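All figures in this text were calculated on a predicted structure; none of them were measured in a lab. Sequence lines set the chain letters: A, B, ... in the order given, protein chains first and strands last, and positions in each chain run from 1. Hydrogens, waters and symmetry mates play no part in the numbers below; they use all other heavy atoms, side chains included.
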2 protein chains.
Amino acid sequence: MPEPSPSPAETKPRRRAGRPVGSVLDKAGITAAALALVSKKGYDGLTMAALAKSLGVAPSALYNHVGSKDDVLRLVEEDLMSQVDSSVFGSLPWEEAVKSWAYSYRDIFSAHTPLISVIAVLPVTDAPQTLAMYEAVTEGFLRAGFPEDRIIPCIVALEAYIFGAAFDATAPADIFDSGKLAESTPHFTAAVRSLGPVNYPSDLAFRMGLDALVAGFGALRG
Amino acid sequence: MPEPSPSPAETKPRRRAGRPVGSVLDKAGITAAALALVSKKGYDGLTMAALAKSLGVAPSALYNHVGSKDDVLRLVEEDLMSQVDSSVFGSLPWEEAVKSWAYSYRDIFSAHTPLISVIAVLPVTDAPQTLAMYEAVTEGFLRAGFPEDRIIPCIVALEAYIFGAAFDATAPADIFDSGKLAESTPHFTAAVRSLGPVNYPSDLAFRMGLDALVAGFGALRG
DNA sequence: GTCTATAAATGAATGCCATTCATTTATCTC
DNA sequence: GAGATAAATGAATGGCATTCATTTATAGAC
């Protein structure tokens, strides 16, 4: 077993094959690296190869810790869910708490819309942070006097709205520019123009819809 | 220029290179084939190669008619938008018309959620069917007495809700199963159980949220 | 303490994917 | 009729997630 001569002064200290002395990877590290990569390069830049590189590791090494790229997305999702501020249900009256929670939720996920298609369909079973958020929100609804069997439908509806609004928040300002077809859509074009210089009222729309949902659901309290 | 001997009795009548006598492809045909492929194989099965094959053509031939796969998705989107029933605004009172339109919109796109991430951010400029829908909805709001500058925000909020709900509609029934973590989320778990055998109340939630939005927005009429 | 199973890394595939390009052939325009 | 253009083929290209054989370190069984 001849010792391979260690290449002197190599800028990249290449790890040789075989299990390293100290563990290099774990789920927390992978999650953090994935988040950093996304915030620097966006979701297009989140590839298994790029993730491995940012961790100083071969791509195949990742598969000792996650089963697939979707697994990585789930790790990221869980981390984001823990960042959603559900504590407001303990400190504010229900109306304000829901609105604050909804803004927090939307703001976080509007930078992570590619996750939404994964999350929305994902069983919550192995997602403790996500479950913790649901528990906090449910408790808030219970304290506000909601009948138990109305709480989940309300949360589902609110979440649907929040996810949809997260997409909106990333839309370009000129998304409603009717261009050459303006003449054939006079009413719509005029309605867009009436908004003034800001053509895409994502924030106004979010507030209006949220107010309506909160008002409507608030009436269900016993 | 020697004529290549036509292989006799070939099961697949291979087209030889060069422009064919009759045009094989056009946008309408590509759109129809893409829709058929999606309904048979889902969006995972919608690849440029599979699309080309279903049209009896080489993959590269598609690029004479569309610039990219995203272009194909845009074609599909336009087709779906034309299927959303906006005619109800001409025949029903505003509340019922909005609800009917929203159901139609959600039902169509719940089978096409992978499009949502594309649409939601897509300028409407070159999308005549989409614009036609917006025009019809805007007219409906105007007739109902809405101030011009409130119409677009209302539509944006409704659309956000509809897109989010389209994701919900595809979620598995056990999405809220808290599994081993049930003990640490007692209130949430109880709220889920209170729904009875149907654990994921997508339809009930959609109706409740839609009612709230319509009631809240209806108050804006002049 | 040694032996063995297992965990964690490398590096070299694999197969699929969207897309591009050179080439060929037909059609349109002047 | 000539030259430009449109529309097809078929052969690349490069990126992607994932798998596998191999190597090395560690933990647990005896």
Side-chain angles (χ1 to χ4, degrees), chain A residues 1-7 10 12-30 33-34 37-38 41-76 114 117-118, chain B residues 1-7 10 12-30 33-34 37-38 41-76 114 117-118:
Chain A
M1 213 184 290
E3 180 82 11
S5 63
S7 50
E10 195 164 14
K12 293 189 181 184
R14 275 286 206 79
R15 201 179 359 256
R16 67 191 203 282
R19 179 174 181 156
V21 177
S23 238
V24 180
L25 294 179
D26 61 9
K27 289 191 181 182
I30 292 173
L37 194 53
V38 164
K41 310 263 188 177
Y43 275 87
D44 284 349
L46 179 57
T47 67
M48 295 302 271
L51 183 56
K53 191 176 183 183
S54 81
L55 287 160
V57 130
S60 53
L62 293 168
Y63 290 88
N64 289 318
H65 301 266
V66 297
S68 64
K69 183 178 179 179
D70 267 16
D71 259 19
V72 174
L73 296 180
R74 280 186 269 269
L75 289 175
V76 171
S117 18
V118 179
Chain B
M1 214 182 290
E3 180 81 13
S5 61
S7 50
E10 195 163 15
K12 293 190 180 185
R14 276 285 204 80
R15 199 178 2 255
R16 69 190 201 283
R19 179 174 182 157
V21 176
S23 238
V24 180
L25 294 179
D26 60 9
K27 289 191 181 181
I30 292 173
L37 194 52
V38 164
K41 309 264 188 174
Y43 275 87
D44 283 349
L46 178 57
T47 67
M48 295 301 270
L51 183 56
K53 191 176 184 183
S54 81
L55 286 160
V57 128
S60 53
L62 293 168
Y63 290 88
N64 290 318
H65 301 267
V66 298
S68 64
K69 183 177 179 180
D70 268 16
D71 259 19
V72 175
L73 296 180
R74 281 187 269 270
L75 289 174
V76 171
S117 19
V118 179

Start with the C-alpha distance between A/V72 and A/L62, add both sets of side-chain angles, then the distance that settles side chain to side chain contact (heavy atoms under 4.5 Å, CB included), and finish with yes or no. CA-CA 10 Å; A/V72 174; A/L62 293 168; over 6 Å; no
Side chain to side chain contact (heavy atoms under 4.5 Å, CB included), that's the test. Do B/L37 and B/Y43 meet it? Break it down for me. CA-CA 8 Å; B/L37 194 52; B/Y43 275 87; over 6 Å; no
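The CG atom of A/L55 lies 9.5 Å from the CG atom of A/D26; values are rounded to the nearest 0.5 Å.
As rounded to whole Å, 12 Å separates atom P of D/dT18 from atom CG of A/L51. Separating the CG atom of A/D44 from the C1' atom of C/dA18 is a distance of 13 Å, rounded to the nearest angstrom. Look at CG on B/D71: it is 13 Å from C1' on C/dA18, rounded to the nearest Å. As a whole-Å value, the separation of A/L73 CG from D/dA17 P is 10 Å. Rounded to whole Å, atom P of C/dC17 lies 17 Å from atom OH of B/Y43. Taking atom CE of residue A/M48 and atom P of nucleotide C/dT10, one finds them 13 Å apart after rounding to whole Å. Nucleotide C/dC16 holds its P atom 13 Å from the NZ atom of B/K41, rounded to whole Å. A straight line from NZ of B/K69 to P of D/dC16 spans 16 Å, rounded to a whole angstrom.
No donor-acceptor pair closer than 3.5 Å links the side chain of A/K41 to the backbone N or O of A/A50. When atom types are taken as modelled, the side chain of B/K69 and the backbone of B/L46 share a donor-acceptor pair closer than 3.5 angstrom.
If you check residues 57-66 of chain A against DNA chain C, the residues with a heavy atom closer than 4.0 Å are A/V57, A/A58, A/S60, A/A61, A/N64, A/H65, listed by number.
Residues satisfying the salt bridge (Lys or Arg N to Asp or Glu O under 4.0 Å) criterion with A/D70, sequence neighbours excluded, are absent altogether.
Checking D/dA8, D/dT18, D/dC16 against the side-chain heavy atoms of B/L25 singles out D/dA8 as nearest.
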